[in-house]
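Contents: one structure, followed by commentary.
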Protein chains: 2
Amino acid sequence: MNPTVKTARKLIRVVIAEDQGMVLGALAALLEIEGDIGVVARSHNGKEALQAVLEHKPEVLITDIEMPEMTGLDVAAELKRRRASTRVIILTTFARAGYLRRALEAGASGYLLKDMRAEELAEAVRRVHQGLRVIDPELATEAWAEADPLTDRERQVLRLAGDGKASGDIASDLGLSEGTVRNYLSEAISKLGANNRVEAARIARTKGWL
Amino acid sequence: MNPTVKTARKLIRVVIAEDQGMVLGALAALLEIEGDIGVVARSHNGKEALQAVLEHKPEVLITDIEMPEMTGLDVAAELKRRRASTRVIILTTFARAGYLRRALEAGASGYLLKDMRAEELAEAVRRVHQGLRVIDPELATEAWAEADPLTDRERQVLRLAGDGKASGDIASDLGLSEGTVRNYLSEAISKLGANNRVEAARIARTKGWL
DNA sequence: CCCTCCAGATGACATTTGTCACCGAAACCG
DNA sequence: CGGTTTCGGTGACAAATGTCATCTGGAGGG
C-alpha cells in the first residue's frame, strides 16, 4: 500500500504553525512530498494558527510551542476548550517535562522533538490521525516525574531575576516591597536546590517551568 | 544516453548541516523541490559537515551555527584555511552582529536567518553559486557597528557567571583568585554598561560575543 | 463569632557582589 | 638598561543578596 500512488482521495489535511519562516516552509515541503498529506494553511504565530484551524477544520495541527502572540500550548488548550475535532501535535526543540505535561493536559495527541528523524513526522501525522498518541520516547518515561513546585509569584519573580533585574526593580515592577521579593526568591532558591537566583532561574527554565 | 541529461544539465550540488533532524530533512525537501539544486549530503554536526564537503566538493554548503562537535563558523573557517572552493551559507536563528562578523571573517558568502521566507533559501543558493554575497538586510547595516570589547578572560568569567556560578567557584574553575574574578566581572559590567553580572552576560549573549 | 490561612511586610543578620586604588612579576620594546 | 604594558592579586568598603523569625490584615470557613 503505497500512499503516494493509490490514495489520492482522502488527504489528511494539516495546518502547520511555526514562527521561523524557513522552517515553516521546509516542514510544509517535507509533508507535501507525502502523497497522503495536504498542508492547507501555514501560520507563523499562535493566533493565526487558531484562526486557521477554526476556519479549515483540518484533521491535524502541527505546532511549535514558543511563538509570538500565543504559545502552541495555549492554542492546544483553546482548541480543547472549544471541543474542536482537530488533533494537535506539538513539535518543539525542547525536551522539557513541564512542557510535555502541559501539552498533555491541553489535550495534545503528540509531542515530538525537532531533533528526531524527519521521516517520523509524516508517520506521526498518520498515527495521530488514526487516534493514536505519539510521544517522544525518552520524554514519555520521565514525563510525570516532578511537578512544578513554584507558586505564581515565585515564577514571576524568578523570571525577572533571571534577566538580571535587581530585587528593588522587581519589587516596583510587581508592586511589592523589596523584602517580599527577596523572600520569594529565597523560597524559590531553596525549593529548587539552587545556590542563588540565577541558578534557580536556569533550573526552572530547563524544566520547562519558566 | 540518459534522456534527462539535457534538461538536468548543471545541478547546483549542496551539502546541508543542521543538528535538528526534523529541520535538516525539511530543508533538504525544500531544496530538492527546486529542479536546479541537488542535496548530495546531510550532516548532523560540524565534523560530519566538514568531511562531507571535503568528500563531495559541493558548490554550496548550508550550515547552522550552533551544532555539536564543531560550530558552523568553525567549519567555514576551516574550509577557508584549506582553500576549498565550496561557498558557505550560514543559516541561523540568531541575528547577532558578532556572529555575522565572525562569519564574514571566516569567508562565508551568505548569512541568512531562519525566520526569513522559505522561498529565499533556494534563491540565495543560486546567488551565492554565482559568486554573489547574500546577507540578511537588517543585519547588513549594523554588522560592523561595534566590536567585542571583552578580553578572553572577561568572556570566560562572564560565561560562568551567567550560569549562576558564584565568584569563588569561577575562581577555582579557572585557577584564579576570587578577587581577580570579581575584578574581571566588574570590568566586563562597566564595558557593557550593565548593572550586574547577569545583565552583562545577557547583553554579551545577545550581541553574539558570549 | 472565632480560627485558620493566606499574601505581604519588617527587621536583623551573614554572605556575596561590585568598585577602586594599588602592588608585583613577567614580558616586551626602544 | 629603564620604561611600559599585561596579567593577576590584595585589601577595604558600600551595596545587593540570601536567610529567618516574626508581624499584619484580610478572606474564607466552620
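Sequence lines set the chain letters: A, B, ... in the order given, protein chains first and strands last, and positions in each chain run from 1.
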Are [X] and [N] close enough that a side-chain N or O sits under 4.0 Å from OP1 or OP2?
X: A/Arg153; N: C/dA7; result: no
X: B/Ser186; N: C/dT19; result: yes
X: B/Thr180; N: D/dG8; result: no

Rounded to whole angstroms, how far apart are [atom1] on [X] and [atom2] on [N]?
X: B/Glu154; N: C/dT19; atom1: CD; atom2: C1'; answer: 15 Å
X: B/Asn195; N: C/dG18; atom1: CG; atom2: P; answer: 10 Å
X: B/Ile170; N: C/dT17; atom1: CD1; atom2: C1'; answer: 11 Å
X: B/Leu150; N: D/dC7; atom1: CG; atom2: P; answer: 13 Å
X: A/Lys191; N: D/dT19; atom1: NZ; atom2: P; answer: 14 Å
X: A/Arg197; N: D/dT19; atom1: CZ; atom2: C1'; answer: 13 Å
X: A/Leu160; N: D/dT17; atom1: CG; atom2: C1'; answer: 16 Å
X: A/Lys165; N: C/dT17; atom1: NZ; atom2: C1'; answer: 20 Å

Subject >> Test item: side-chain donor near acceptor, A/Gln130 and A/Arg127, under 3.5 Å >> reply: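 Judged by distance alone, the side chains do not pair up.
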Subject >> Minimum-distance pair of heavy atoms, taken over all atoms of A/Ala200 and A/Leu192 >> reply: O-CD1, 3.4 Å
Original post:
For DNA chain D, whose closest nucleotide is more 5', that of A/Ser167 or that of A/Asn183?
Top reply: A/Ser167
Subject >> Earlier contact from the 5' end, DNA chain D, for B/Arg182 and B/Glu178 >> reply: B/Glu178
Subject >> Side chain proximity check, B/Ile135 to B/Leu100, heavy atoms < 4.5 angstrom >> reply: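 Answer yes - side chains close enough.
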Original post:
Does some side-chain heavy atom of A/Met70 sit less than 4.5 Å from a side-chain heavy atom of A/Asn45?
Top reply: no
